[in-house]
Trainee: 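Below: one structure in structure tokens.
The chains referred to below are lettered A, B, ... by the order of the sequence lines, with proteins before strands, and numbering in each begins at 1. Keep in mind that the numbers below use all heavy atoms, side chains included, and drop hydrogens, waters and symmetry copies.
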Amino acid sequence: MPEKVQAPRGTFDVLPDDGRARLRLLELSEAIFGRANYGPIETPVFEATELFERGVGETTDVVEKEMFTFDDQGGRSLTLRPEGTASVCRAYVEHGMHKAAQPVKVWYWGPFFRYEAPQAGRYRQFTQVGVEALGSDDPSLDAESILLLAELLELAGARGIRFRVSSLGTAATRRAYSDELREHLRAREDQLSDDVLGRLDRNPLRAFDSDHPGTQAALRDAPRLLDRLARDDAEHFAEVRLLLDDAGLEYELDGTLVRGLDYYTRTVFEVESTELGAQSALGGGGRYDGLVELLGGPATPGVGWAAGVERILLAAKEPVEPARPSVFVALADGAAAAAAFALARDLRSRGVATELEQAGRSLKGQMKHADRLGAAHVVIVGESIEIKDMASGEQHAVATMEDAVAELA
RNA sequence: GUGGGCGUAGCUCAGCUGGUAGAGCUCCUGGUUGUGGUCCAGGCGGUCGGGGGUUCGAGUCCCCUCGCUCACCCCA
């Protein structure tokens, strides 16, 4: 017997019940983003490897160890996209969108890929929904972006939501602050955990994520990034917060918030759900004012976020209503099969959700099947044409197929 | 990459110290020679993840391996 082939590690099949839940979330996204005038955008699932190396940052975990990279037959290095923002910025540059009216607002939904060990809420192929607004650094865009995410999560029914918001300032202030923090930690090296010590050169800010007691002690009187923001950045952040407060969003100000990608500047945010396991982040994002320029475009500010579709659904976990036909066409006589088939098509063309017998079952089996499907009516086609109301059990004959259609449509 | 848990029917699982592979649900058929929801009877469905070893005999014990899963790291 041939060996069974399984879906690759870290991937999954979406079966119809789950598919309906995902489709609902997609439709919800379209409605929310559409009325805020964000347009749908699609970019390729694979891109030149260089796009992510440059855009996301060479030393990030994503680029260093999580990319699905391969050479095509022409020897070009391609990578299955690990995130969406770099691609959107690439498209913005490639299509000269800086000449369109600014800001350019887009939203996307699609598969992303990271080579990691799978666990609850983490897959190698996963789905993200996200929004981006490019071409203006107005703080209202930051606030709008965050509030769109909050609205999506609320309407999706995600439970246990917690927002954290901060500002990283410009790349320059962050660099200066990193140096300052690194020196502070170096002076307390003996208290730090090995992890933190190992990352000290590359990314000292990560130390704040550690729950190691010694590290925490060493950080107690450490300088804080929010106190080091340049005046512009501090004012910008204050305005963002004002708008969020006015909108009534509940969030935590968290000066230790560090995101895993290099391109963030100024506003950053993350949402998590207490309903999830260890992978509790539902989504996150922020402002990336240097990214478009880094990718060869004109200096262009931008802000946006991405959220994990599987994780939102995990945090919402609403029971899915199975789809049910309103009519089931049963066959009492094999000779009527063609007529029954035509009847089903006719009903469907009039918008009636219709299922028909296509498995050679006995009439009893068909009735049982129709009942399990939850059909409201069964049309029994044979020597006569009968319409049965499944709830009441009442049944009557009609003269022609046309009469049956007229009654059920 | 590292560590814990788990792999027996499509699904959920039982199978005590080794002795002829089971249950419930699902699906199909029949009880009702053209009629569902309850009930009853029957049927389909298994290389017990794979390989090797011990044994008269292995789902059960030993070794290896593969897969799933949770966690660390990091993140969606």
Side-chain angles (χ1 to χ4, degrees), chain A residues 1-12 15 56 60-66 81-85 109-130 149 153 158 193-196 198-199 203 206 209-212 257-261 270-273 276-285 305-315 328 330-336 357 359-395 397:
Chain A
M1 196 194 290
E3 238 176 83
K4 283 183 193 167
V5 178
Q6 290 179 280
R9 184 172 167 77
T11 67
F12 54 89
L15 303 184
V56 176
T60 58
D61 279 11
V62 169
V63 170
E64 258 185 357
K65 49 184 204 197
E66 297 172 4
R81 60 182 185 184
E83 64 101 48
T85 304
W109 169 295
F112 292 85
F113 306 84
R114 290 186 201 173
Y115 192 87
E116 291 191 88
Q119 66 186 79
R122 173 192 282 170
Y123 306 97
R124 289 185 173 180
Q125 176 178 336
F126 54 100
T127 312
Q128 283 193 165
V129 57
L149 177 54
L153 294 176
S193 75
D194 292 344
D195 294 15
V196 172
R199 287 195 298 252
N203 199 341
R206 275 282 147 70
D209 292 337
S210 172
D211 41 19
H212 177 80
L257 181 58
V258 179
R259 309 235 61 240
L261 312 179
E270 214 167 272
V271 213
E272 49 183 22
S273 168
L276 269 44
Q279 308 309 318
S280 59
L282 290 182
W305 52 260
V309 167
E310 290 78 20
R311 290 190 186 174
I312 293 175
L313 260 17
L314 224 56
F328 183 87
L331 218 50
D333 178 354
E357 172 57 21
R361 266 181 285 256
S362 67
L363 186 60
K364 174 178 174 161
Q366 294 179 51
M367 295 306 291
K368 188 175 251 192
H369 185 57
D371 184 52
R372 295 223 171 100
L373 290 176
H377 295 274
V378 174
V379 183
I380 302 158
V381 181
E383 283 170 18
S384 64
I385 305 166
E386 308 268 336
I387 296 180
K388 177 164 189 171
D389 182 315
M390 292 298 274
S392 67
E394 184 272 335
Q395 178 174 327

Trainee: Please state how far atom CE in A:Met367 lies from atom P in B:G37, giving the value in whole angstrom units.
Mentor: 10 Å
Trainee: Regarding A:Gly277, tell me which of base, sugar-phosphate or nothing describes its non-hydrogen contacts under 4.0 Å with the strands shown.
Mentor: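 Sugar-phosphate contact only - A:Gly277 comes under 4.0 Å of backbone atoms but never of a base.
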Trainee: Whole-Å distance between B:C68 C1' and A:Arg122 CZ?
Mentor: 17 Å
Trainee: Counting only Watson-Crick or G-U wobble pairs whose two distances fall under 3.5 Å, which nucleotide matches B:A58?
Mentor: none
Trainee: Does B:A14 have a Watson-Crick or wobble mate here (both distances under 3.5 Å), and if so which one?
Mentor: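 Matched B:A14 with nothing under the 3.5 Å cut-off.
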Trainee: Taking the side chain as every heavy atom from C-beta outward, state whether A:Gln125 and A:Phe12 have any atom pair closer than 4.5 Å.
Mentor: no
Trainee: Please confirm whether any donor atom in the side chain of A:Asp371 sits under 3.5 Å from an acceptor in the base of B:G37, or the reverse.
Mentor: no
Trainee: Does the structure show a Watson-Crick or G-U wobble partner for B:C6, both distances under 3.5 Å? Name it, or say none.
Mentor: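 Here B:C6 is engaged in a pair, and the nucleotide opposite it is B:G67.
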Trainee: Which part of the nucleic acid, if any, lies within contact of A:Arg372, taking any heavy atom under 4.0 Å across all strands shown: a base, the sugar-phosphate backbone alone, or nothing?
Mentor: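 If one applies the 4.0 Å heavy-atom cut-off, A:Arg372 turns out to touch the sugar-phosphate alone, with no base involved.
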Trainee: Which residues within residues 375-385 of chain A lie with some heavy atom under 4.0 Å of an atom in RNA chain B?
Mentor: A:Ile380, A:Glu383, A:Ser384
Trainee: Flag the pair A:Leu282 / A:Leu149 as yes when at least one side-chain heavy-atom distance between them is below 4.5 Å, and no otherwise.
Mentor: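 No. Closest side-chain heavy atoms not under 4.5 Å.
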Trainee: If the cut-off is 4.0 Å, is A:Gln119 near the phosphate of B:A71, judged by side-chain N/O to OP1 or OP2?
Mentor: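 A:Gln119 to B:A71 OP1/OP2: side-chain N or O found under 4.0 Å.
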Trainee: What does A:Ala336 touch in the nucleic acid at a heavy-atom separation under 4.0 angstrom: a base, only the sugar-phosphate, or nothing?
Mentor: nothing
Trainee: Classify the nucleic acid contact of A:Ala120 as base, sugar-phosphate or nothing, counting any heavy atom under 4.0 Å across all strands shown.
Mentor: sugar-phosphate
Trainee: Just to confirm, is there a sub-4.0 Å distance from OP1 or OP2 of B:C28 to any side-chain nitrogen or oxygen of A:Arg361?
Mentor: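 For B:C28, OP1 or OP2 has a side-chain N or O of A:Arg361 closer than 4.0 Å.
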Trainee: Expressed in angstrom and rounded to an integer, what is the separation of A:Tyr123 atom OH from B:C74 atom C1'?
Mentor: 17 Å
Trainee: Nearest whole angstrom, please: distance from the P of B:G36 to the NZ of A:Lys368.
Mentor: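 Those two atoms, NZ and P, are 9 Å apart.
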Trainee: Taking any heavy-atom pair under 4.0 Å as a contact, classify A:Leu363: base, sugar-phosphate, or nothing.
Mentor: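 Since a base atom lies under 4.0 Å of A:Leu363, the category is base.
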Trainee: With centres under 5.5 Å and planes under 30°, do A:Phe112 and B:A76 count as stacked?
Mentor: no
Trainee: Let me know the distance between OH of A:Tyr115 and P of B:G1, rounded to the nearest Å.
Mentor: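 From A:Tyr115 OH to B:G1 P: 7 Å.
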Trainee: Looking at side-chain heavy atoms only, is the closest gap between A:Ser273 and A:Arg311 below 4.5 Å?
Mentor: no
Trainee: Taking for each residue the nucleotide of RNA chain B with the nearest heavy atom, is it A:Pro118 or A:Gly283 whose nucleotide lies nearer the 5' end?
Mentor: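 Its nearest nucleotide lies further toward 5', so the answer is A:Pro118.
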Trainee: For A:Gln366, which contact category applies under a 4.0 Å heavy-atom criterion: base, sugar-phosphate, or nothing?
Mentor: nothing
Trainee: Could you give all pairs that pass the ring-ring contact (aromatic ring centres under 6.0 Å, His included) test and reach residues 370-389 of chain A, with sequence neighbours left out?
Mentor: none
Trainee: Look through every strand shown and name the nucleotide pairing with B:A41 as Watson-Crick or G-U wobble, where both distances are under 3.5 Å.
Mentor: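 Its partner is B:U29 (Watson-Crick or G-U wobble, both distances under 3.5 Å).
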Trainee: Would you say CD of A:Glu394 has more than 12 non-hydrogen atoms from neighbouring residues, nucleotides or ligands within 6.0 angstrom?
Mentor: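 Buried by this count: over 12 neighbours within 6.0 Å.
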Trainee: Starting at CG of A:Leu276, measure out to CD1 of A:Ile312 and round the result to the nearest 0.5 Å.
Mentor: 10.5 Å
Trainee: Go through A:Tyr115 and A:Lys65 one step at a time and tell me if the side chain to side chain contact (heavy atoms under 4.5 Å, CB included) criterion holds.
Mentor: CA-CA 7 Å; A:Tyr115 192 87; A:Lys65 49 184 204 197; over 6 Å; no
Trainee: Has the side chain of A:Arg81 got a donor or acceptor atom that lies under 3.5 Å from a matching backbone atom of A:Pro111?
Mentor: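 Side chain of A:Arg81 to backbone of A:Pro111: a pair is present.
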Trainee: Assuming nearest nucleotide by heavy-atom distance, tell me which of A:Lys65 and A:Lys388 is located more 5' along RNA chain B.
Mentor: A:Lys388
Trainee: Categorize A:Glu310 for me: base, sugar-phosphate, or nothing, with a 4.0 angstrom heavy-atom threshold over every strand shown.
Mentor: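 Nothing: the residue A:Glu310, judged by heavy atoms under 4.0 Å, touches no strand.
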Trainee: Without decimals, in angstroms, what is the distance between A:His369 NE2 and B:C27 P?
Mentor: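 Atom NE2 in A:His369 sits about 9 Å away from atom P in B:C27.
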Trainee: Using Watson-Crick or G-U wobble geometry with both distances under 3.5 Å, which nucleotide pairs with B:C72?
Mentor: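 Check on B:C72: paired to B:G1, both distances under 3.5 Å.
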Trainee: At under 4.0 Å between heavy atoms, how does the protein contact nucleotides 2-8 of chain B? Give one character per nucleotide, 5' to 3', with B, S or -.
Mentor: -------
Trainee: Would you sort out whether A:Arg122 and A:Glu310 count as a side chain to side chain contact (heavy atoms under 4.5 Å, CB included), showing the intermediate values?
Mentor: CA-CA 9 Å; A:Arg122 173 192 282 170; A:Glu310 290 78 20; over 6 Å; no
Trainee: Closest to the A:Glu66 side chain: B:C74, B:C68, B:C75?
Mentor: B:C74
Trainee: State whether the side chain of A:Gln279 and the backbone N or O of A:Ala281 hold a donor-acceptor pair below 3.5 Å, judged by distance alone.
Mentor: no
Trainee: Can you see if the side chain of A:Thr127 gets near the phosphate of B:A76 - specifically, an N or O under 4.0 Å from OP1 or OP2?
Mentor: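 Answer is no, no contact under 4.0 Å.
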Trainee: B:A76 P sits how many Å from A:Gln279 CD, rounded?
Mentor: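 Spelled out: CD on A:Gln279 to P on B:A76 is 10 Å.
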Trainee: Counting any heavy atom closer than 4.0 Å, what does A:Lys364 reach on the DNA or RNA strands: base, sugar-phosphate only, or nothing?
Mentor: base
Trainee: Between A:Leu363 and A:Leu331, what is the shortest heavy-atom contact and its length?
Mentor: CD1-O, 4.0 Å
Trainee: Evaluate the side-chain proximity of A:Lys368 to A:Arg361: yes if any heavy-atom separation is below 4.5 Å, no if none is.
Mentor: no
Trainee: Take atom CG of A:Asp61 and atom P of B:A76, then tell me their distance rounded to the nearest Å.
Mentor: 11 Å
